[in-house]
Amino acid sequence: MHVDMDAFFVSVELRTRPELRGKPVIVGYPADRSVVLSASYEARAFGLKSAMPMVIAARMCPNAVIIEPRHKLYYEVSAQIMGIFESITELVEPLSVDEAFLDVGGAIRRLGPPREIGELIRRRVADELGITASVGIAASKFVAKIASTRCKPDGLLLIGPEETVPYLHSLPVGALWGVGAKTADVLARMGIRTVADVAATPLPSLKKVLGVTGEHVYRLSWGIDPRPVTPLRVEKSIGAEETFAVDTGDDAILHRELLRLSHRTAERLRGSGLVARTVALKLRYADFSTITRSRTVHTPVDSAQLIYAVALQLLESLGDRTMTVRLVGIRAEQLEDTAQTSLQLSLDRRDDNWRAAEQALDRVSRKFGSKSVLPARLLDSGNGQG
């Protein structure tokens, strides 16, 4: 079973903005150089989609209502979504904040056949969280994902084992995982435009033009995907980045933004019960060239001030910059479970003091909102970022 929320960020926002239901709505920062994070289906009717530059989205749908994102809220709702999934089955494999694979085989005796379980999940998501979900049910992960995509929004599609191959063979070749625009062009030159065409093509011919991907595509065309649902998938990294509204070469602005991103990253680390052994810095220059630098720390961190200190060191290590900066980002990598990691703090307890202060900040933010208490340097950033 693949369960995916519908226009997740927008749906969460509309819970407190019901007057916007039925209207084109975008979640994203209004700055021209930001991108669309989520769009309502009314906005998608104008051709809008996630990751589209906001300047293009505004041109295509000038009447759209733009709502600035509240990432902390989305992660809170995501945790509630995963809680519903885990009450159905222990075999939950999250793919992102708003979608997951579920193996419900062990829940059938308790909760009924798969269709009833899927409807139960959709009903609970709607009743408890006020948003909608689409559910795809099939004998494999690949086909379940296709099913959920094809029944959006707010739908359920079950593809039984005997229906799998006929259903797949009715689809265009782009429905197969691993077939993007370039691969589709290569296949089109061979006269292959549908999944049925792939299935009818000898495997050696596919491997000749697609390499190792040829066998993968061929197997999927026959619905062969033996991968199990794998729960407890550990996040490989946690981070945040920001694109400036105007390219900057000002160190003060970069430092201030790095501090803000450090707090966002550290808050997510603590909320996930994780610490990081490596801190990475990302810079994208005005010509779109991108560089990254990372440093492994002696003691795992989940404190914004400690992450920020490493980020400043990495920035300084780059030396004089010959070009203005378009984007800056921070990532925490080599993540470990806090409960299983021994944090050896400094003798003067500065590290411990920072962690205690930031944990107190977490409690205040949960109660009063993420902007209730901020470091003084971030109260009036004046950096003009989107």
Side-chain angles (χ1 to χ4, degrees), residues 1-6 81-82 84-96 98-125 132-180 183-184 187 192-207 210 212-233:
M1 185 174 294
H2 180 259
V3 187
D4 192 9
M5 304 304 112
D6 301 315
I81 292 168
M82 298 305 162
I84 291 175
F85 295 166
E86 290 165 0
S87 71
I88 302 294
T89 173
E90 295 180 351
L91 299 176
V92 177
E93 181 180 344
L95 297 180
S96 67
D98 69 325
E99 63 175 319
F101 285 117
L102 285 69
D103 184 334
V104 298
I108 291 175
R109 175 177 292 184
R110 176 169 56 95
L111 299 175
R115 180 179 291 277
E116 290 186 14
I117 296 175
E119 292 293 3
L120 171 63
I121 291 172
R122 293 180 64 244
R123 190 164 57 250
R124 286 191 58 187
V125 168
T132 61
S134 296
V135 177
I137 307 171
S140 70
K141 293 165 77 171
F142 164 61
V143 182
K145 181 71 165 67
I146 285 182
S148 70
T149 301
R150 297 279 161 167
C151 69
K152 279 184 165 294
D154 194 19
L156 182 148
L157 177 59
L158 186 153
I159 301 174
E162 69 286 350
E163 304 168 317
T164 297
V165 171
Y167 183 82
L168 286 176
H169 287 188
S170 71
L171 302 177
V173 70
L176 296 175
W177 283 349
V179 178
T183 302
L187 293 174
I192 299 172
R193 292 180 171 81
T194 68
V195 176
D197 292 338
V198 174
T201 303
L203 178 57
S205 299
L206 289 174
K207 293 177 72 173
L210 300 182
V212 293
T213 303
E215 184 169 359
H216 166 76
V217 169
Y218 181 80
R219 289 170 64 84
L220 290 183
S221 74
W222 287 102
I224 301 172
D225 179 21
R227 296 169 307 145
V229 172
T230 306
L232 301 177
R233 217 174 62 163

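From a predicted model like this one, the values you see are computed outputs, not experimental measurements. For reference, positions follow the sequence shown, starting with 1.
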With sequence neighbours excluded, residues passing side-chain hydrogen bond (donor to acceptor under 3.5 Å, both in side chains) with Thr213: none

Which salt bridge (charged side-chain N to carboxylate O under 4.0 Å, His left out) pairs, counting each pair once, include a residue from residues 142-156, with sequence neighbours left out? Asp4-Lys152, Asp6-Lys152, Arg122-Asp154

Show the numbers, then the answer: is there a side-chain contact (heavy atoms from CB on, under 4.5 Å) between Glu86 and Ile84? CA-CA 5 Å; Glu86 290 165 0; Ile84 291 175; over 6 Å; no

In a table with atom names and distances, give each donor-acceptor pair under 3.5 Å that connects a side chain of residues 165-180 to protein atoms at least two apart or in another chain.
from: His169; atom 1: NE2; to: Ser221; atom 2: O; distance (Å): 3.0
from: Ser170; atom 1: OG; to: Tyr167; atom 2: O; distance (Å): 2.6

Got a second to check how far Ile146's CD1 is from Cys151's SG, nearest 0.5 Å? 12.0 Å

Are the side chains of Leu157 and Ile137 in contact, using a 4.5 Å heavy-atom criterion? no

Heavy atoms only: give me the nearest Gly214-Leu210 pair and the separation to one decimal. N-CB, 3.6 Å

How many angstroms lie between atom OG1 of Thr230 and atom CG of Leu91, to the nearest 0.5 angstrom? 9.0 Å

I'd like to check the side-chain contact (heavy atoms from CB on, under 4.5 Å) partners of Pro204; sequence neighbours left out, ordered by chain and number. Pro202

If you measure from CZ on Arg123 to OG1 on Thr132, what distance do you get to the nearest 0.5 Å? 15.0 Å

Exercise: identify the closest heavy-atom pair between Val198 and Tyr218: O-CD1, 3.8 Å

Enter the distance from Met5:CE to Ser96:OG here, rounded to the nearest 0.5 Å. 9.0 Å

Give the minimum heavy-atom separation between Gly223 and Ser140, together with the two atoms involved. O-OG, 4.2 Å

Please tabulate, for the side chains in residues 100-117, all donor-acceptor contacts under 3.5 angstrom to protein atoms that are two or more places apart in sequence or on a different chain.
from: Asp103; atom 1: OD1; to: Gly105; atom 2: N; distance (Å): 3.0
from: Arg110; atom 1: NH2; to: Ile88; atom 2: O; distance (Å): 2.7

Only counting residues at least two apart or in another chain, list the ones meeting side-chain hydrogen bond (donor to acceptor under 3.5 Å, both in side chains) with Arg193. none

Run the side-chain hydrogen bond (donor to acceptor under 3.5 Å, both in side chains) test against Arg227 and tell me which residues pass, sequence neighbours left out. Asp225

Around Glu119, counting heavy atoms of other residues, nucleotides and ligands shown, do more than 12 lie under 6.0 Å from its CD? yes

How close do Ala138 and Ala144 get, heavy atom to heavy atom, and via which atoms? CB-N, 3.6 Å

Are Lys207 and Glu215 side-chain neighbours, meaning at least one heavy-atom pair lies under 4.5 Å? yes

In this structure, CD of Glu99 is separated from OG of Ser148 (nearest 0.5 Å) by 7.5 Å

Thr194 meets the side-chain hydrogen bond (donor to acceptor under 3.5 Å, both in side chains) criterion, sequence neighbours left out, with Asp197

Are side-chain heavy atoms of Pro94 and Met82 found at a separation under 4.5 Å? yes

Between the CD1 atom in Ile121 and the OG atom in Ser87, the distance rounded to the nearest 0.5 Å is 8.0 Å

Residues in salt bridge (Lys or Arg N to Asp or Glu O under 4.0 Å) with Arg219, at least two apart? none

Is it the case that the side chain of Thr164 and the backbone of Gly160 share a donor-acceptor pair, with hydrogens and angles ignored and the cut-off at 3.5 Å? yes

